[in-house]
Colleague: 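Let me begin by handing over the structure; questions about it come next.
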Amino acid sequence: MAWLMKGTGGNNGHTWESVDPIVEKSIKYLKEQGYERIGAVGYCFGAKYVIRFLKEGGGIDVGFVAHPSYVFSFLPFSNSTLSSRLSPPFTWKHVN
């Protein structure tokens with residue numbers, strides 16, 4: 001799990017503190033370019049960021065995730081009720 005906390009080079013952790021600002025800047029840039037609605041696709045590591053920003057005021061309006069990793073550890077409900085708990089259009093596929 002060292003890669004998750006420190007990243008491949010040891011100085012770019014793949015944590016919310018490191019990645020959220022990148023997602024926020026990306027959403028801000030798209031809004032500045034005139035995009036009014038944003039859809040996002042997250043695979044594995046990226047899935048949790050689609051879900052984190054797929055909320056009222058989060059910047060993502062519709063999302064799809066596949067093979068999500070580390071998503072459900074921060075949600076207060078099980079993955080079986082995920083789609084019913086998110087208000088924007090959302091779908092997901094988990095392959096074992």
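The figures here come from the full heavy-atom set of this structure, side chains too, leaving out hydrogens, waters and symmetry mates.
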Colleague: Side-chain heavy atoms nearer than 4.5 Å, only ILVMFWY residues, links allowed to pass through others: does that put Val65 and Tyr43 together?
Modeller: no
Colleague: Can you find a pair of side-chain heavy atoms, one from Ile60 and one from Arg52, that are under 4.5 Å apart?
Modeller: no
Colleague: Minimum heavy-atom separation for Ile27 to Gly58, with atom names?
Modeller: CD1-O, 3.6 Å
Colleague: If you measure from CD1 on Ile22 to OH on Tyr49, what distance do you get to the nearest 0.5 Å?
Modeller: 9.0 Å
Colleague: Determine whether Ile38 and Lys31 satisfy the following criterion, side chain to side chain contact (heavy atoms under 4.5 Å, CB included), listing intermediate values before the conclusion.
Modeller: CA-CA 9 Å; Ile38 298 173; Lys31 295 286 186 181; 3.9 Å; yes
Colleague: I'd like to know if Leu54 and Tyr35 are part of one continuous hydrophobic network [Ile/Leu/Val/Met/Phe/Trp/Tyr, side-chain heavy atoms within less than 4.5 Å].
Modeller: yes
Colleague: Give the C-alpha distance, both sets of side-chain angles, the deciding distance and a yes or no for side chain to side chain contact (heavy atoms under 4.5 Å, CB included) between Tyr29 and Lys25.
Modeller: CA-CA 6 Å; Tyr29 175 80; Lys25 286 178 186 177; over 6 Å; no
Colleague: Could you check whether atom CD of Gln33 has more than 12 heavy atoms from other residues, nucleotides or ligands sitting under 6.0 Å from it?
Modeller: yes
Colleague: Who are the salt bridge (charged side-chain N to carboxylate O under 4.0 Å, His left out) partners of Glu17, not counting sequence neighbours?
Modeller: none
